[in-house]
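As C-alpha cells, the structure follows; a few thoughts come after it.
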4 protein chains.
Amino acid sequence: MRDDPRARGGPRTTIVDVTSRIEIRGRDHEGGTPVSVEHRGRPRSEKSRLAVLKATAGLLVDGGYEDLTIEGIAASAGVGKQTIYRWWGSKASVVVEALAEGYLQAPLAAPADTGDLRGDLREWLLGLKAEIEAPEMSRLLQAIMSALTSASETSSAIHEALIQPIMSGLDARFGAHDAARPGELAAKPDFLAEAMGASLLLHVMFARPLTAEWIDQLLDLVVPRSP
Amino acid sequence: MRDDPRARGGPRTTIVDVTSRIEIRGRDHEGGTPVSVEHRGRPRSEKSRLAVLKATAGLLVDGGYEDLTIEGIAASAGVGKQTIYRWWGSKASVVVEALAEGYLQAPLAAPADTGDLRGDLREWLLGLKAEIEAPEMSRLLQAIMSALTSASETSSAIHEALIQPIMSGLDARFGAHDAARPGELAAKPDFLAEAMGASLLLHVMFARPLTAEWIDQLLDLVVPRSP
Amino acid sequence: MRDDPRARGGPRTTIVDVTSRIEIRGRDHEGGTPVSVEHRGRPRSEKSRLAVLKATAGLLVDGGYEDLTIEGIAASAGVGKQTIYRWWGSKASVVVEALAEGYLQAPLAAPADTGDLRGDLREWLLGLKAEIEAPEMSRLLQAIMSALTSASETSSAIHEALIQPIMSGLDARFGAHDAARPGELAAKPDFLAEAMGASLLLHVMFARPLTAEWIDQLLDLVVPRSP
Amino acid sequence: MRDDPRARGGPRTTIVDVTSRIEIRGRDHEGGTPVSVEHRGRPRSEKSRLAVLKATAGLLVDGGYEDLTIEGIAASAGVGKQTIYRWWGSKASVVVEALAEGYLQAPLAAPADTGDLRGDLREWLLGLKAEIEAPEMSRLLQAIMSALTSASETSSAIHEALIQPIMSGLDARFGAHDAARPGELAAKPDFLAEAMGASLLLHVMFARPLTAEWIDQLLDLVVPRSP
DNA sequence: CACTAATCGAGACGGTACGTCTTGTCTTAAT
DNA sequence: ATTAAGACAAGACGTACCGTCTCGATTAGTG
C-alpha cells in the first residue's frame, strides 16, 4: 500500500484480480435521472485487505508455503474466509500480492553503485550469501518459489514482482557501464543481467552454497576484471 | 543414485527413503543367485513398485503436481495406500523416483555433437523450443518444478536427476571445445554450462518464449561466433 | 392476525414480529388519505413487502423449506436482505405471513355443505386425497410442517393460520349437525373436529396414503352412518 | 445396540443405510481358489458408531435440532466428520437412529394395564402431561418433530420408531378390551388407537396444554365411561 | 508340513483444509 | 428513515486427502 492513495469506497483490483468488478450503471434502479455510478453496496475494507497481507507474510515466514492455509490466514487476520476468496481466490494470489506490496521483503535488493561494477556486484553477492544462509530467509525464498510453481497464473506475477526487479537492477548497472566504457562487456547489458540473475536464482532455488569461488567465476563471466 | 547400477529387482532403496528399511535380501524376486541372509516374510512386490511409478507418471502428465494425490496413485496403480507409505513416504519421493527411473521423460536431453559447438547448441535449443511449446510437456515441466520446490529434501534429488544431467552434458561439450581450441571460450567450461543452463531453465520455469533472438543472444554469450 | 382488518399499506405488524417497530404511519405508500401523525423518513415499501411474500411462496413451492434462504428470497424479490431482517426477522416469519396472506394456498379448505354431513366429509377427504397426491402440493405441505417445527415461536402462528381454520370448519359442521339432530354424535362437536382433524393431519404429515378404507373408518368414528 | 450381538468385522447397515455395501466377491485379487468374501478392509468401528449416537442424543437434548450440527456431533463424539457422512449421510438419519436405539428416551411409553382401560389411559395421559411440561422433554419432542419434517426419507423411519409404538400400544389395549367386552367400543380398536394417538401427538407437537378437561373429552370419544 | 513374519489390497479411522453457502450485521449512495 | 446493493465476520456444509490403523489373504523363509 504505502504511498498509494487508493480512493476509498471503490472496489479495487489487485494484481491478480484480473476481472474488474466495476460496472458503469447508466441509470438508477428505480426512476430518476441517469447517473454514472461506480458501485453499490458496502465498499471493500482496506483494513481487512491489509490484515490479510500482513497475516500472510507472518505465517509464511514462520511456517513455509506448504503449511500456509487460507483458513489460517483468515483466522490470523481476523477475517472471514469468504473475504479472502472474494478478492484473491487462491493462496498463491495472496502471497504474490503480499510480495508485491512489500510485506515479504525478499533479500534481493539491487546492488549499490560505487562506480566499480565488479566490486559492487561482488559486495552484493556476498551480502546475499549472508542473508540467504539465515534460516528464516531461506524459508521465505522456498515459500516464494513454491507460490510461483504452484499456480501457473501467478508465475508471471512473481516474475514481475521478484525476478524482473533484480534483472532490471543488474541491467541498469551493466547498461551504465557499457555506456561509460563501450566494448568492455562480453555481451549486451540486458543479456548479461539475465545470465547472471538466472545463475544466481537457480542457485538460490536449489539451496546451493554461494561460495566465494563460485562468485568470482560468475563475475569473470559477465564483467571483465579491472585491469 | 548416480553410480548405483541397480539391477532390476535386486535389493534397493529409493532415492529419498533415507532410513532404508531393507538392507539385504537373500534373493531376487525373479531369478538371480540365492544369497542366504536373514529375512523373513513376504518380499516386496516389484510389480506393485512399477505400477506405482507408472501410475504416478501418467497422473502427473495429465493433471499436474498439485492434483496428484497418494490416494489417486494407489487407486490408479491398484495398490494399497500403505504400500506407498511403506516404501516412499511422500508424494515428492514417488515423483523423484519416477523421474529417476525414466518414467517421466523430461525433454532436455543432451545436445548432439557434430563438431560444431555453436551449431549443436543452436539446434538443441531450437528443438527444446518446439518440445516445450507442446502443452503436455509444459505441464510436465511445471509438475517437476513443483515437486522440486514443495519439499526441500527432494530438491537435491531433482537437481541430480534433472538439472545435473543437463549441466553435465553442456559441461562436457564446452570442455571438449576448450580442450580442442584453448582460449576461445569466455570462461571455464563448467561455468559456461551453468550460466547457459540456468538461463534456459529459468526461462522454461517461467514459461517465457524461447525466441530465436533470445537463443542467439544466449549463444553469443557463451560461445564465440565462428569466424 | 384474526380480527386485524389491516388496510393495505397501513400501519402493520407481522404475525410474529412481536416487537413492532412501526406504530403509526402518516400515509399510505400509494394513494389513500394523508393522515398527519409523527413519522419521518421514507415509508415502508408495500411493493417490497408483497414481492417478498410472493417470492417466498414461489421458492417454497419448488424447493421446500430446507432450501429456502433469506438470501434467496431477497434476490428473487429484488429486495435487500436488510429489508427482510428489518420487517420479519426470520425465515419462518416470512413463511407464516405468506401463508396468512394467502400466497400459499394449502389444499385444506373447508368441506362443502349439502346437508349431508357424512357425505360432505367424505367428498372433502376424497378431494384432499387427490390434491395431496400431487407432488407440488405434498412439497408445500412438507414445507409448512417444517416451518412449523423449526421455530417454536411460529408454532402457534401456524396453528392459527393452518390448523385452526380446518378445525373450525369441521367444528361448525359438527355443531350444525348436532343442533339439528341432538344426540346423534358420539361426542361434543369441537372434539370430534379435533379428533378427525388430528388424524388427518398426522396422516398427511407422514405422507401416508388416504385410502378409501381409511376414510370410511374415520367417518365411522366421528359421524354415524345415515340409517 | 444393547443386546444385539452383531458380528464384528462385518459392515452393517443402519436403519437408514439402505444400500448395503456388502458385495460377494467370487475370487481373490491375484489367483487362488474362489472364496466367498464378505468384506475387505478395516471393519466399521462400533465404538465410533455408539459415540456418535450418544453425542447426538446429548447435544439434541440441550440445544435442540436447529443448533445440532454434524460438525458438533463429530467433535463431541471424537469422531471424524467423514465417519458420520459415511454411515448416515444426514443429520436427520443420525437422530432417527439415536431414537431407534433408545438414546433418546421419548416420554411416550405405553400405558399401564390394571384392567381398567379408561383409568389406565387417564393415568397415562396425566403422566405425559407432567413429563411434557418439563422444558428438557419439550425440547426433545420439538427436536424429534423437526428431524421428522426436515427430511422426507426419515419420515417413515420416525413413524416406525416413535409413532407406531404408541399406536401399537394403544391398539393392543383397545383390542384386549374389545375382545373382553365386544360391542362396547365405538369403533375398531386400531382406529381408536389412531384417533387418540393423533390427537395427542398433534397436541404435543403444537405444545398445547394437556388439560384435565381435554383429557376427559378425549377419553369420552374413544372409550365408554364405566357404567 | 506347520509356523512365523512381513507384505499385499482394501478400506475405515480421526483429522485438517478445502471452497461454497448462508447468516445476521454493517456501510455505502440514492430516494 | 428506508431502500437495494453488497462487503463483512462467522461458521457449517459436504468433499477430498492425509497418514494411521486393522482386517483377511498371500508368500516367502525357518523349524
Side-chain angles (χ1 to χ4, degrees), chain A residues 8-9 11 21 28-32 35 37-45 47-48 69-72 74 78-87 89-91, chain B residues 21 26-27 29 36 38-45 47-48 69-72 74-75 78-87 89-91, chain C residues 22 39-45 47-48 69-72 74 78-86 89-91, chain D residues 8-9 11 21 28-32 35 37-45 47-48 69-72 74 77-87 89-91:
Chain A
R8 236 176 165 264
R21 281 153 215 270
D28 192 341
H29 177 253
E30 17 185 334
V35 199
V37 179
E38 235 187 41
H39 83 106
R40 311 238 269 159
R42 186 180 183 170
R44 177 174 186 183
S45 160
K47 187 175 141 198
S48 293
T69 64
I70 298 273
E71 289 203 332
V79 144
K81 285 167 66 178
Q82 198 58 250
T83 298
I84 298 180
Y85 283 108
R86 181 157 30 233
W87 300 109
S90 85
K91 214 166 60 167
Chain B
R21 290 185 183 80
R27 204 184 185 299
H29 177 254
S36 67
E38 29 69 49
H39 162 67
R40 313 229 288 157
R42 186 178 184 173
R44 176 174 185 182
S45 161
K47 189 174 139 199
S48 293
T69 65
I70 299 273
E71 290 207 328
V79 143
K81 284 166 65 177
Q82 197 59 249
T83 299
I84 297 181
Y85 282 108
R86 179 153 33 229
W87 300 110
S90 86
K91 210 168 60 167
Chain C
I22 299 176
H39 163 68
R40 314 226 290 157
R42 188 177 182 174
R44 175 174 186 183
S45 162
K47 189 173 137 198
S48 293
T69 63
I70 299 272
E71 289 207 328
V79 144
K81 283 167 64 179
Q82 197 57 250
T83 299
I84 297 180
Y85 281 109
R86 179 154 29 234
S90 86
K91 212 166 59 168
Chain D
R8 245 192 153 253
R21 281 153 215 270
D28 191 341
H29 178 253
E30 14 185 336
V35 198
V37 179
E38 235 187 39
H39 82 105
R40 311 239 267 158
R42 184 179 185 172
R44 177 175 184 182
S45 161
K47 188 175 140 200
S48 293
T69 64
I70 298 273
E71 289 203 332
V79 143
K81 284 166 67 176
Q82 199 58 247
T83 298
I84 298 181
Y85 283 109
R86 182 157 29 232
W87 300 108
S90 83
K91 213 167 57 169

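The figures that follow rest on heavy atoms only: side chains count, while hydrogens, waters and symmetry mates do not.
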Could you walk me through whether A:K81 and A:I84 pass side-chain contact (heavy atoms from CB on, under 4.5 Å), step by step? CA-CA 5 Å; A:K81 285 167 66 178; A:I84 298 180; 5.8 Å; no
Report yes if a side-chain nitrogen or oxygen of D:T83 is closer than 4.0 Å to either non-bridging phosphate oxygen (OP1 or OP2) of E:dG14; otherwise report no. yes
On a heavy-atom basis, which atom in B:G80 and which in B:A74 lie closest, and how many Å separate them? C-CB, 4.2 Å
Rounding to an integer number of Å, can you tell me how far D:R44 CZ sits from E:dC13 P? 7 Å
With a 4.0 Å cutoff (strictly under), does any side-chain N or O of A:S48 reach OP1 or OP2 of F:dA7? no
Does OP1 or OP2 of F:dT3 have a side-chain N or O of C:R86 closer than 4.0 Å? yes
Whole Å only: how far is the CD1 atom of C:I84 from the C1' atom of F:dG6? 14 Å
Output a table of nitrogen or oxygen pairs between the protein and nucleotides 13-16 of chain F separated by less than 3.5 Å.
from   : atom 1 : to    : atom 2 : distance (Å)
F:dC13 : OP1    : D:I70 : N      : 3.1
F:dC13 : OP2    : D:I70 : N      : 3.2
F:dC13 : OP2    : D:E71 : N      : 3.0
F:dG14 : OP2    : D:Y85 : OH     : 2.6
F:dG14 : O5'    : D:Y85 : OH     : 3.4
F:dG14 : N7     : D:K81 : NZ     : 2.9
F:dG14 : O6     : D:K81 : NZ     : 2.7
F:dA16 : N7     : D:Q82 : NE2    : 3.3

Select one nucleotide: of E:dA12, F:dA4, E:dG9, the one nearest the side-chain heavy atoms of D:W87. E:dA12
Would you name the heavy atoms of A:I70 and A:K91 that are closest together and state the gap between them? CD1-N, 3.9 Å
Candidate nucleotides F:dA4, F:dT3, E:dT25, ranked by approach to the side chain of C:R42 - the nearest: F:dT3
